[in-house]
Amino acid sequence: MFSRTAMLWQRCGKGRIQPEVAAKIEQAYKTISNSNSKSLVKKHLTKETYEKLKDITTPMGSTLLDCIQSGAANLDSGVGLYAPDADAYTVFHELFNPLIAEYHSFKNSKHPPSCWGDPVAFSNIDPSNKYIISTRVRTGRSIKDYPFAAKMTEDDYKELEQKISMAVNSFQGELQGTYYPLKLLVPTEQQKLVDDHYLFKEGDRFLTAAKICRFWPTGRGIFYNPSKTFIVWINEEDHMRIISMQKGGDIMAVYKRLKEGAEYLETCMEFAHNDKYGYLTSCPTNIGTAIRASVHISLPHLAANRTKLEEIAGRYNLQVRGTEGEHTESVDNVYDISNKRRLGLTEFMAIKEMSDGIRELIKHEESGDE
Ligand code: ADP
Ligand code: ARG
């Protein structure tokens with residue numbers, strides 16, 4: 001489970017922590033533990049765990065501070081933990097393991113092998129086009145042997161942008177498109193892409209505190225095909241976010257396109273991955289399949305009874321977000337509803353979990369249930 005570098009590291013001994021970093025680690029721990037935060041990091045960073053982890057580093061030199069600083073600066077975090085590099089998941093496992101088990105309801109010791117299955121098994125979730133405005137499935141990938149965003153140097157950003165943009169520029173057929181570095185996008189164009197839900201926003205406070213927004217906009221950008229149904233984000237929260245989306249509820253078409261894109265990219269690059277946790281990314285909520293399959297769905301009846309909406313969503317392991325994405329509110333009763341678990345199930349099962357749950361929500365909405 002440990003990478004070769006991590007194993008050598010364990011044998012050689014632990015990293016040295018500078019006194020000023022040690023002081024910051026202690027401060028971050030105290031801020032979290034003395035707070036009323038409801039975050040998972042507050043729950044799982046016990047005194048005992050803190051004592052075990054405060055003096056160690058990963059082979060790349062990441063410390064506990066790199067993992068918890070966002071949770072300390074944002075006590076309203078739901079999670080509050082980030083991995084600064086792939087080895088953080090094993091070096092700091094006393095903290096990551098229980099938090100991951102809780103978030104993903106992950107009871108197994110190992111994530112199953114990747115299995116996309118046959119997208120044809122899925123059909124349009126809303127053939128009458130009454131409820132679903134659009135469907136999007138994304139996954140995240142990190143390039144093996146590079147630190148994750150929180151620890152990347154400016155040169156890492158430039159190098160990865162170069163590597164990934166070369167790979168995405170080699171797509172053929174429907175997925176063929178153009179890469180646009182953020183630096184070259186005019187502000188109005190950039191804002192339109194954000195408003196139309198194609199591009200990431202700037203300045204997320206959780207990412208900023210995790211040190212994921214350093215050197216912005218260097219190395220960041222977006223690739224998309226002419227119909228904007230296939231998109232790749234470079235160096236936002238993760239080295240890569242691969243996205244397939246379109247209007248309506250045709251999950252089969254959206255999933256099939258994502259599968260094709262992700263499988264092709266796997267032939268171009270080696271991704272950070274381990275047997276226990278599948279694909280590894282910056283945030284422990286995004287490991288395993290790293291799949292978030294969502295619909296933008298209009299649910300006026302259920303919106304009037306948010307408790308009922310959350311109850312049904314919870315039964316199907318779905319997460320309810322606002323219309324503009326994470327940490328936003330719903331506008332005009334339109335919600336972003338997606339699978340919450342990304343680990344401990346295959347890609348196919350993640351899509352099934354989402355589509356079964358959405359069908360159930362539509363059934364309740366149709367019955368006028370409040
Ligand atoms: P992620 O981590 O999946 O990228 P965010 O919540 O940051 O999620 O959302 C990124 C963007 O994707 C936002 O603009 C959000 O509104 C948009 N989005 C998410 N799901 C859908 C969907 N089903 N249809 C259209 N846009 C979507
Ligand atoms: N760190 C934020 C929190 O704990 C976001 C967590 C999940 N989202 C993400 N984009 N990684 O609320």
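Computed from a prediction, not measured in an experiment: that's the story for all the values here. For ligands, and for the atoms within them, numbers begin at 1 and follow the listed sequence.
No side-chain donor-acceptor contact under 3.5 Å links Tyr180 and Glu189. Side chain to side chain, Thr229 and Asn225 meet the donor-acceptor criterion of an N or O pair below 3.5 Å. Lys183 and Thr218 are linked by a side-chain donor-acceptor pair at a separation below 3.5 angstrom, with hydrogens and angles left out of the test.
Around ligand 2, the residues contributing at least one heavy atom under 4.0 Å from the ligand are Ser77, Gly78, Val79, Gly80, Tyr82, Phe206, Glu237, Cys283, Thr285, Asn286, Glu326, His327. Within 4.0 Å of ligand 1, protein heavy atoms belong to Ser134, Thr135, Arg136, Arg138, His197, Trp233, Arg241, Met245, Arg292, Ser294, Val295, His296, Arg321, Thr323, Glu324, Gly325, Glu326, Asp336, listed by chain and number.
Using modelled atom types, one side-chain atom of Asn235 and one backbone atom of Gly219 make a donor-acceptor pair closer than 3.5 Å.
Note on residues 324-337: pairs passing side chain to side chain donor-acceptor pair (under 3.5 Å), not counting sequence neighbours, are Arg292-Asp336.
Contact check for Ile132 versus Ile358: side-chain heavy atoms found under the 4.5 Å cut-off. Taking 4.5 Å as the limit, every side-chain heavy atom of His197 sits out of range of all side-chain heavy atoms of Arg136.
None of Lys228, Lys256, Arg257 except one satisfies the salt bridge (charged side-chain N to carboxylate O under 4.0 Å, His left out) rule with Glu174; the exception is Arg257.
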Which donor-acceptor pairs under 3.5 Å do side chains of residues 75-83 form with protein atoms, sequence neighbours excluded?
| residue | atom | partner | partner atom | Å |
| --- | --- | --- | --- | --- |
| Asp76 | OD1 | Arg205 | NH1 | 3.0 |
| Asp76 | OD2 | Arg205 | NH1 | 3.2 |
| Asp76 | OD2 | Arg205 | NH2 | 2.7 |
| Ser77 | OG | Asn74 | O | 2.7 |

